[in-house]
Number of protein chains: 2
Amino acid sequence: MEETIKVLVADDHTMFVDGIDSILKDERDIEVVGRCYDGPSVIEFLKKESADLVLLDVNLPDMNGIEVCKIVNKDFSGTKILAISMFNEESFVTEILNHGAEGYILKNTGREELLTAIRTVNGGKTYFSKDVTQTIMKSLMKSRKASNSSKGFIPKISRREKEVLKLIIEEFTTQEIAKELFISLKTVESHRSSLLAKTNARNTAGLVRITIENKLLD
Amino acid sequence: MEETIKVLVADDHTMFVDGIDSILKDERDIEVVGRCYDGPSVIEFLKKESADLVLLDVNLPDMNGIEVCKIVNKDFSGTKILAISMFNEESFVTEILNHGAEGYILKNTGREELLTAIRTVNGGKTYFSKDVTQTIMKSLMKSRKASNSSKGFIPKISRREKEVLKLIIEEFTTQEIAKELFISLKTVESHRSSLLAKTNARNTAGLVRITIENKLLD
DNA sequence: ATATATCTAGGGGTATTCCCCCAATAAAAT
DNA sequence: ATTTTATTGGGGGAATACCCCTAGATATAT
């Protein structure tokens with residue numbers, strides 16, 4: 001005889017949690033033992049009661065899903081994690097899987113797939129939505145490409161170059177930048193030249209676009 | 001005796017639709033008559049069957065929630081729209097309300113509020129989540145500010161100017177743009193000058209930044 | 001330790017942008 | 001109907017950006 005799978009639902013969208021609740025309550029082998037609306041609550045809950053599996057939203061307020069994942073894996077190793085998210089974002093997927101999540105499904109997966117995912121992960125295996133699998137594949141391809149070909153790859157921009165770049169985007173001219181940073185006009189020109197080379201831009205317009213698109217100033 | 005409210009649920013996240021389904025099926029006065037996972041399906045559905053209310057996700061694939069809203073209001077005036085979204089984004093809220101939605105709730109609202117919202121909107125009134133009301137207030141404050149001070153306001157950019165702007169951002173020089181568009185170099189300069197004036201930019205760098213930040217090419 | 005990258009700065013020149021002035025035609029808004 | 005905006009184009013000039021070259025001092029990584 002199988003035991004019931006004790007599930008903790010962690011998502012800040014009440015309506016969503018309600019929905020999952022409604023879906024799971026019809027299943028005899030699954031029991032929702034708690035619901036949390038932010039990261040810290042998950043940890044608090046697990047300190048008091050046990051759960052076999054956490055249905056964990058990647059994008060939680062207060063504490064990131066990835067942070068929660070880390071802690072759960074370290075302190076509550078008996079509890080599995082099934083990540084769940086709106087977004088099939090490469091960064092989310094790879095990061096949370098690297099921090100101990102056993103599965104990743106999207107919020108646009110149906111009732112049946114949700115149940116399959118819960119039972120699979122609880123059984124000690126991993127489960128990914130079809131779309132997520134593709135994303136993971138893409139990610140692997142990319143990391144291979146990035147190391148081979150040099151397209152789309154932007155070398156590290158130095159501290160000083162960043163300062164110059166920031167001022168360029170704020171519409172400073174080369175002269176103004178030189179005064180602002182107390183360096184020669186020629187030095188600023190040199191930095192600009194390096195920036196164009198590194199970003200593979202043909203001119204300032206491209207430099208600004210590439211900077212914003214690739215968030216080079218973060 | 002009251003009739004049942006016929007609700008059509010339109011959201012691309014299956015799991016979410018399942019959840020709403022589960023919530024609504026317990027209510028005697030509400031009946032879910034259909035579910036759609038993209039914009040065009042909503043229109044198709046309404047052509048065949050009727051619905052009193054559409055629970056419409058603002059961010060739908062294929063066709064934007066706002067587009068759907070427009071069409072429903074024009075062609076199916078008997079059908080009310082209750083917009084629903086993950087995001088309490090000012091732009092989403094104001095836009096869809098300007099196109100005929102009778103209510104706007106967030107996905108983090110609870111079961112009870114969802115039911116209240118549906119019944120309120122069906123009754124011919126409007127309903128907004130508390131958070132959304134605040135956003136609307138903010139928006140009103142802003143538009144007042146914007147009409148007084150001239151900051152952040154960008155005049156409409158013409159068709160030809162957009163073409164030029166697009167090429168600027170793609171790193172074309174004035175000469176190249178002239179060849180591409182089969183016009184004189186002087187004409188392109190004239191357009192560039194207008195673009196700088198309209199965006200209040202000092203140079204190309206600022207023009208590109210402002211264009212991207214304000215999504216002027218959409 | 002030796003190589004690589006960074007920050008600094010110059011000379012000299014070309015290309016490009018930006019500014020002022022102007023103006024005709026066509027379309028769109030009031 | 002009249003005004004405003006869009007689109008087109010020009011002359012001329014100042015400011016800025018971009019390119020080539022070199023090069024020393026310093027820091028960082030292998």
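Throughout, protein chains are lettered first and strands after them, A, B, ... in sequence-line order, and every chain is numbered starting at 1.
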(message) Any heavy-atom pair between the side chains of A:Phe16 and A:Ile84 that's under 4.5 Å?
(response) yes
(request) Side chain of B:Leu196 only, please: which of C:dC18, C:dG10, D:dG9 is the nearest? (result) C:dC18
N/O contacts under 3.5 Å, protein versus nucleotides 4-7 of chain C?
unit_1 : atom_1 : unit_2   : atom_2 : d
C:dT6  : OP1    : A:Lys198 : NZ     : 3.1
C:dT6  : OP2    : A:Lys198 : NZ     : 3.4
C:dC7  : OP1    : A:Ser158 : OG     : 3.4
C:dC7  : OP1    : A:Arg160 : N      : 3.1
C:dC7  : OP2    : A:Ser158 : OG     : 2.2

(request) Check the distance between C:dA15's C1' and B:Glu189's CD and give it to me in whole angstrom. (result) 12 Å
(request) Check whether any side-chain heavy atom of A:Lys162 sits under 4.5 Å from a side-chain heavy atom of A:Leu216, and report yes or no. (result) no
(request) Residues of residues 162-181 of chain A with any non-hydrogen atom less than 4.0 angstrom from an atom of DNA chain D: list those, numerically ordered, please. (result) A:Thr173, A:Thr174, A:Gln175
(message) Below the 4.0 Å mark, does D:dG10 have OP1 or OP2 next to a side-chain nitrogen or oxygen of B:Ser184?
(response) yes
(request) Can you tell me which residue pairs pass the salt bridge (charged side-chain N to carboxylate O under 4.0 Å, His left out) test with a partner in residues 175-184 of chain B, sequence neighbours excluded? (result) A:Arg202-B:Glu176
(request) Looking only at side-chain atoms of A:Arg192, point me to the closest of D:dA17, C:dG11, C:dT17. (result) D:dA17
(message) I want to check something: taking the side chain as every heavy atom from C-beta on, are A:Leu53 and A:Leu8 in contact at a cut-off of under 4.5 Å?
(response) no
(request) Compare all side-chain heavy atoms of B:Leu82 with those of B:Ile118 and state whether any distance is below 4.5 angstrom. (result) yes
(request) Answer with yes or no whether the side chains of A:Ser41 and A:Glu44 bring together a donor and an acceptor at under 3.5 Å. (result) no
(message) Base, sugar-phosphate or nothing for A:Leu185? Non-hydrogen atoms, less than 4.0 Å.
(response) nothing
(message) Which nucleotide wins on minimum distance to the side chain of B:Lys186, given the candidates C:dT17, D:dA17, D:dG10?
(response) D:dG10
(request) Verify the contact: side-chain N or O of A:Thr204 to OP1 or OP2 of D:dC18, cut-off strictly under 4.0 Å; return yes or no. (result) yes
(request) Determine whether the side chains of A:Thr187 and A:Arg160 contain a donor N or O and an acceptor N or O closer than 3.5 Å. (result) no
(request) Check whether any side-chain heavy atom of B:Ile30 lies under 4.5 Å from a side-chain heavy atom of B:Arg119, and answer yes or no. (result) yes
